[in-house]
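These notes concern the structure reproduced below.
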Amino acid sequence: MDIETVLMGRAFVGGELRYTEIGINEGKIVAVGSYVSGGERRIELGTSMTVLPGFVDPHVHLRDPGMTQKEDFSTGTMAAVHAGVTTVLDMPNTKPAVYNSTTLMDKKAHLKGRSYVDYGLFAAITPETNAAMIAKYVPGFKLFMGSTTGNILLNDDSELVPAVWDALATGKRVSVHAEDDSLILKEPEKCTRDHLRNRPAEAELNAIRRLAKHFSGQKINICHVTTSEGLDLAKAAGFTTEVTMHHMMFEVDRNKDAFYKVNPPLRTLENRDALFKRFLADEFTMIGTDHAPHTLAEKSQDFDSAPGGMPGVETTMPIIMNMVRKNMIPLSQAVRMGAIAPGEAFSLPKGNISVGMDADLAIFDLRSVTQIDPKRLHSKCGHTQYAGKEAVFPDTVIIRGEVQVEGAEFCGEQRGVDIYG
């Protein structure tokens with residue numbers, strides 16, 4: 001067996017942290033064990049280092065093409081790699097929206113050679129989408145039941161149900177923005193409490209109930225679950241679930257201005273605490289950042305005019321790793337939610353340190369805690385809601401065997417590829 005590199009140190013393998021040697025060849029993991037022979041390069045890590053699979057973010061909006069004043073694929077993936085995120089799955093509500101073979105292939109061509117991490121591009125489900133034609137080119141499909149950025153809303157069951165079944169028939173997972181648009185109000189808003197009034201919890205709950213009625217047991221992923229009740233409904237239906245950092249950390253009465261306007265909305269303190277309790281109990285499937293950057297100027301408008309969404313791809317997993325450092329959650333949960341589960345949910349060759357997987361690794365020194373500094377982040381949007389929060393950023397990030405970050409400094413190149421060609 002040809003082996004180019006053997007990485008030696010404490011690694012999270014087979015559900016536990018132990019001394020491991022990882023053999024890498026041509027970007028793949030080809031050997032894992034207590035001793036791996038050979039290797040042109042044998043790299044021994046210090047005892048303070050912890051080797052994890054590179055994280056997989058199943059939910060980002062990198063705004064490219066069409067809204068690159070907010071973010072572009074290069075800046076967004078540069079932010080991702082500094083968090084130890086080695087794969088991102090980008091949502092289709094760009095301009096133009098991605099929902100057919102033409103818009104998908106145009107976006108693929110536009111992004112080629114511009115990414116610092118590997119990626120996949122979702123396609124939206126619309127009545128016109130030919131899911132069978134494009135399934136092999138996407139990680140999954142996205143259904144927007146609630147209005148948000150982009151004009152690809154689909155909330156009428158007479159159109160929604162057959163279109164989702166067409167997508168499910170391809171074997172791909174369907175990720176859903178589960179807010180019933182018929183329950184969303186359009187009243188004027190001056191703060192996040194008003195935004196919550198316009199987008200009540202019942203919109204989420206009714207959307208999940210409708211999905212459960214038609215698709216129970218199917219490959220449905222409920223994005224950004226915001227309520228404990230919504231989690232119960234999704235779990236009962238056999239759906240996978242995402243939770244975001246912002247819905248677990250912020251609430252409407254303390255975080256009032258447009259920088260905290262997001263869809264689905266922030267909810268009450270009691271709701272937030274219940275959601276975080278369910279997270280601590282390890283009841284969600286995966287972390288999704290819903291990285292949705294806007295410019296400072298856009299978010300500084302009056303509340304009604306300001307767009308919804310906030311950045312998160314560079315801060316979420318480092319905050320999670322700080323939770324591991326503080327023994328709030330076990331390392332196994334961080335790895336499962338941040339890497340293994342999204343990798344498995346979307347059938348990626350990512351998210352696990354095992355033979356046959358891509359050699360994507362994030363190496364952390366859990367003693368290296370810092371405070372999040374907006375000036376050191378890499379998103380084009382130029383701001384963060386997490387300034388001053390404690391975080392543990394990776395020391396080294398490797399994508400398909402090539403080092404992209406070393407000593408917490410970028411040293412790589414735009415070698416990210418579209419996993420689906």
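All residue numbers refer to positions in the sequence shown, counting from 1.
His247 has its side chain out of reach of Arg272: every pair of non-hydrogen atoms, C-beta onward, lies at least 4.5 Å apart. Two residues are said to be in side-chain contact when any heavy atoms from C-beta on lie closer than 4.5 Å; Phe239 and Leu211 meet this criterion. A 4.5 Å side-chain heavy-atom check between Val397 and Val403 finds every atom pair outside the cut-off. Phe410 has its side chain within reach of Tyr116: a pair of non-hydrogen atoms, C-beta onward, lies under 4.5 Å apart. Phe346 has its side chain within reach of Phe122: a pair of non-hydrogen atoms, C-beta onward, lies under 4.5 Å apart. Two residues are said to be in side-chain contact when any heavy atoms from C-beta on lie closer than 4.5 Å; Ile43 and Val6 fail this criterion. Counting heavy atoms from C-beta on, the side chains of Thr370 and Val392 never come closer than 4.5 Å. Taking the side chain as every heavy atom from C-beta outward, Thr315 and Thr384 approach each other to under 4.5 Å.
Using a 4.0 Å cut-off between charged nitrogen and carboxylate oxygen, Glu390 and Arg325 count as a salt-bridge pair. Using a cutoff of 4.0 Å between basic side-chain nitrogens and carboxylate oxygens, Lys375 and Asp373 are not scored as salt-bridged. Ionic pairing of Lys190 and Asp302 is not present here: no N-O contact between side-chain nitrogen and carboxylate oxygen is shorter than 4.0 angstrom. Between Lys299 and Asp257 there is no salt bridge, since none of the side-chain N atoms of the basic residue sits less than 4.0 Å from a carboxylate O of the acidic one. Salt-bridge annotation for Asp418 and Lys112: absent, with no side-chain N of the basic residue lying under 4.0 Å from a carboxylate O of the acidic one. A salt bridge does not link Glu26 to Arg400: none of the charged side-chain nitrogens sits closer than 4.0 Å to a carboxylate oxygen. Salt bridge absent: Asp232 and Lys235 never bring a charged side-chain N and a carboxylate O closer than 4.0 Å. A salt bridge does not link Arg41 with Glu4: none of the charged nitrogens is closer than 4.0 Å to a carboxylate oxygen. Salt bridge present: Lys107 and Asp90 bring a charged side-chain N and a carboxylate O closer than 4.0 Å.
Taking the six-membered ring wherever Trp is involved, the centroid distance between the rings of Phe364 and Phe393 does not fall below 6.0 Å. Checked against the 6.0 Å centroid threshold, His224 and His246 do not count as a close aromatic pair. Taking the six-membered ring wherever Trp is involved, the centroid distance between the rings of Phe259 and His383 falls below 6.0 Å. Aromatic pair His291/His61: centroids not less than 6.0 angstrom apart. The distance between the ring centers of Tyr260 and Phe250 falls below 6.0 angstrom.
Nearest heavy atoms, Val313 versus Val60: CG2-CG1, 4.1 Å. The minimum heavy-atom distance linking Pro307 with Lys70 is given by the pair CG-NZ, 4.5 Å. For the pair Asn271 and Thr226, the tightest heavy-atom approach, listed with the atom from each and the gap, is ND2-O, 2.7 Å.
Applying the 6.0 Å contact sphere to CZ of Arg254 captures no more than 12 heavy atoms from other residues, nucleotides or ligands. Around NZ of Lys389, the count of heavy atoms belonging to other residues, nucleotides or ligands within 6.0 Å does not exceed 12.
The residue from Ile320, Val243, Ile329 that alone fulfils the side-chain contact (heavy atoms from CB on, under 4.5 Å) condition with Met337 is Val243. Test Asn221, Thr126, Leu154 against Leu143 for side-chain contact (heavy atoms from CB on, under 4.5 Å) and you get one pass: Leu154.
Side chain of Ser300 to main chain of Leu296: a donor-acceptor pair is present (N/O by atom type, distance under 3.5 Å, no hydrogens or angles). Although no hydrogens or angles enter the test, the distance criterion places a donor-acceptor pair under 3.5 Å between the side chain of Arg63 and the main chain of Pro293. The main-chain N or O of Gly312 is found under 3.5 Å from a side-chain atom of Thr316 such that the two form a donor-acceptor pair. Panel note: side chain Thr295, backbone Glu298; a donor-acceptor pair is recorded below 3.5 Å. In this structure, the side chain of Glu344 does not engage the main chain of Ala341 through any donor-acceptor pair within 3.5 Å. Looking at Asp358, its side chain never comes within 3.5 Å of a backbone N or O of Asp360 through a donor-acceptor pair. Remark: the backbone N or O of Ser74 is not paired with any side-chain donor or acceptor of Ser115 at under 3.5 angstrom. A side-chain donor-acceptor contact under 3.5 Å links Lys261 to the backbone of Phe303. No donor-acceptor pair under 3.5 Å is formed between the side chain of Asn352 and the backbone N or O of Ile340. Side-chain atoms of Asn206 do not come within 3.5 Å of backbone N or O of Glu202 as any donor-acceptor pair.
The salt bridge (Lys or Arg N to Asp or Glu O under 4.0 Å) check on Lys380 picks up Asp72, with sequence neighbours excluded.
Between Thr396 and Glu406, the side chains place no donor N or O within less than 3.5 Å of an acceptor N or O (distance only, hydrogens not considered).
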Exercise for the section: Mind running salt bridge (charged side-chain N to carboxylate O under 4.0 Å, His left out) on Asp282 and Arg336 for me, showing each step along the way? Expected result: CA-CA 10 Å; Asp282 199 10; Arg336 184 188 61 76; 2.2 Å; yes
Handout entry: Intermediate values then yes/no, salt bridge (charged side-chain N to carboxylate O under 4.0 Å, His left out), Glu179 and Arg199
Key = CA-CA 8 Å; Glu179 285 186 286; Arg199 304 180 82 109; 2.8 Å; yes
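Note that Lys108 lies outside the cation-pi zone of Tyr137, set by a 6.0 Å cut-off to the ring centre and a 45° limit from the axis.
With rounding to the nearest 0.5 angstrom, the OG1 atom of Thr77 is 9.0 Å from the CZ atom of Arg114. Atom CE in Met67 sits 6.0 Å away from atom OG1 in Thr94 (nearest 0.5 Å).
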